[in-house]
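Reading through the structure tokens given below for one structure.
Position 1 is the first residue of the sequence; numbering continues from there. From a predicted model like this one, the values you see are computed outputs, not experimental measurements.
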Amino acid sequence: MNSFKTRIYEADSPFFEGELESLIIPTSDGEYGIQARHRNLVIAIVPGIIRYRIAGEKEFRLASVSEGMIRIEDGDVLVLVNTAERPEEIDAERARARAEEAKEIMLQKRSLQEYYQAEATLRRAMVRLKASKDSSIN
């Protein structure tokens, strides 16, 4: 299968650099797949799980990501996200605690801004928990 050069960067460090055969990213319209010779594109990434298959490997790897963007230009893929975590890096207990805190804030019906912040925190915690459980997706 054909591969393409990919760089995935967190806000403060590189997450992955190398050749991929496939990349699936979360967008506001659902999951979006990328393979070799994809057309040029810039699209926003929403918090979720990215799946990627390194050239020559059979199974997908995954990571929990926050918001960001992807640029595909002449076969070169650049992914920029605020955070990216491999399943083994996720502290599931901490994520559960953050989810519970966010639910409590949402139930307290404070300001609209606090509600939306809590909702985003809850969404991120749920994504992290899903990534930590689904670490063997094929």
Side-chain angles (χ1 to χ4, degrees):
M1 186 172 217
N2 294 325
S3 63
F4 53 94
K5 181 181 174 187
T6 304
R7 293 168 293 150
I8 301 173
Y9 293 132
E10 293 181 85
D12 60 353
S13 64
F15 180 80
F16 173 85
E17 294 179 348
E19 294 288 319
L20 295 182
E21 290 180 356
S22 182
L23 173 64
I24 301 168
I25 59 166
T27 72
S28 60
D29 292 330
E31 292 186 328
Y32 192 86
I34 296 136
Q35 292 186 327
R37 294 192 280 286
H38 195 285
R39 67 183 171 90
N40 291 349
L41 175 75
V42 174
I43 193 167
I45 295 174
V46 298
I49 297 174
I50 61 169
R51 293 171 178 79
Y52 57 101
R53 185 171 46 223
I54 297 174
E57 292 187 2
K58 292 186 180 200
E59 295 193 19
F60 277 89
R61 296 183 185 196
L62 59 90
S64 169
V65 296
S66 61
E67 60 282 327
M69 55 88 56
I70 183 169
R71 183 192 76 198
I72 305 168
E73 186 173 26
D74 301 327
D76 184 50
V77 176
L78 174 63
V79 177
L80 301 172
V81 292
N82 286 329
T83 61
E85 295 176 283
R86 291 173 181 85
E88 61 273 13
E89 298 170 341
I90 295 172
D91 181 346
E93 286 305 314
R94 183 171 157 245
R96 272 193 268 294
R98 295 287 289 165
E100 290 304 316
E101 290 169 15
K103 287 178 189 176
E104 183 61 35
I105 290 170
M106 291 170 70
L107 290 173
Q108 291 175 5
K109 298 182 181 174
R110 298 180 183 177
S111 73
L112 202 52
Q113 181 181 0
E114 286 177 312
Y115 180 87
Y116 288 137
Q117 282 181 316
E119 187 178 48
T121 299
L122 177 60
R123 188 176 22 247
R124 176 87 176 116
M126 299 307 287
V127 164
R128 293 178 74 232
L129 285 169
K130 183 176 182 197
S132 69
K133 291 179 182 176
D134 291 348
S135 60
S136 61
I137 290 179
N138 294 325

**OP:** Inspect the surroundings of CD in Gln113 and state if more than 12 heavy atoms from other residues, nucleotides or ligands are less than 6.0 Å away.
**Re:**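 For Gln113, atom CD is not crowded (no more than 12 foreign heavy atoms under 6.0 Å).
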Subject >> Donor-acceptor contact present, side-chain Ser66 to main-chain Thr83, <3.5 Å >> reply: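 Here the side-chain-to-backbone pair exists.
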**OP:** Report yes or no: does Arg86 contribute a side-chain atom to a donor-acceptor pair with the main-chain N or O of Phe15 at less than 3.5 Å?
**Re:**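 Yes; judged by distance alone, with no hydrogens or angles, the pair exists.
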Restricting to non-hydrogen atoms, name the atom on [X] and the atom on [Y] that form the minimum distance, rounded to 0.1 Å.
X	Y	value
Ala131	Ile49	N-CD1, 3.7 Å
Glu17	Pro14	OE2-CB, 4.1 Å
Asn2	Ala36	CB-CB, 3.5 Å
Glu31	Arg51	OE2-NH1, 2.7 Å
Ser64	Val127	OG-CG1, 3.4 Å
Ala118	Ala102	O-CB, 3.3 Å

With hydrophobic residues grouped by side-chain heavy-atom distances under 4.5 Å, do [X] and [Y] end up in a single group?
X	Y	value
Met69	Ile24	no
Val65	Ile43	yes
Val42	Tyr9	yes

Original post:
Can a donor-acceptor pair be found between the side chains of Asn82 and Glu67 at a distance below 3.5 Å?
Top reply: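 Distance-only check passes for Asn82 and Glu67.
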Original post:
Do Gln108 and Tyr115 have side-chain atoms, one donor and one acceptor, less than 3.5 Å apart?
Top reply: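 No, because no side-chain N or O of Gln108 sits under 3.5 Å from a partner of the opposite role on Tyr115.
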Subject >> Leu62 and Ile50: CA distance, side-chain angles, deciding distance, side-chain contact (heavy atoms from CB on, under 4.5 Å) verdict >> reply: CA-CA 6 Å; Leu62 59 90; Ile50 61 169; over 6 Å; no
Taking the side chain as every heavy atom from C-beta outward, state whether [X] and [Y] have any pair of such atoms under 4.5 Å apart.
X	Y	answer
Thr121	Glu101	no
Ile45	Pro26	yes
Val79	Leu23	yes
Lys5	Glu19	yes
Arg71	Asp76	yes

Subject >> CA sep, side-chain torsions, deciding dist, call: Phe4, Arg37, side-chain contact (heavy atoms from CB on, under 4.5 Å) >> reply: CA-CA 8 Å; Phe4 53 94; Arg37 294 192 280 286; over 6 Å; no
Original post:
Is the shortest side-chain N to carboxylate O distance from Glu85 to Arg124 below 4.0 Å?
Top reply: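 Salt bridge flag = yes for Arg124 with Glu85.
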Original post:
Are Arg128 and Asp91 ion-paired here, with the side-chain N under 4.0 Å from a carboxylate O?
Top reply: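 No, Arg128 and Asp91 are not salt-bridged.
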Within this structure, what is the [atom1]-[atom2] distance for the pair [X] and [Y], rounded to the nearest 0.5 Å?
X	Y	atom1	atom2	answer
His38	Ser22	NE2	OG	10.0 Å
Ile54	Arg61	CD1	CZ	3.5 Å
Arg94	Leu129	CZ	CG	11.5 Å

Original post:
Given Glu100, which of Arg98, Lys103, Arg96 fulfils the salt bridge (charged side-chain N to carboxylate O under 4.0 Å, His left out) condition?
Top reply: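 The residue from Arg98, Lys103, Arg96 that satisfies salt bridge (charged side-chain N to carboxylate O under 4.0 Å, His left out) with Glu100 turns out to be Lys103.
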Original post:
Is Arg53 close enough and on-axis enough to Phe60, meaning under 6.0 Å and within 45°, for cation-pi?
Top reply: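 Yes - Arg53 lies over the ring of Phe60, closer than 6.0 Å to its centre and within 45° of its axis.
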Original post:
Among Leu78, Val81, Ile34, Ile8, which residue meets the side chain to side chain contact (heavy atoms under 4.5 Å, CB included) test with Ile70?
Top reply: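 That would be Ile34; it is the only one of Leu78, Val81, Ile34, Ile8 passing the side chain to side chain contact (heavy atoms under 4.5 Å, CB included) with Ile70.
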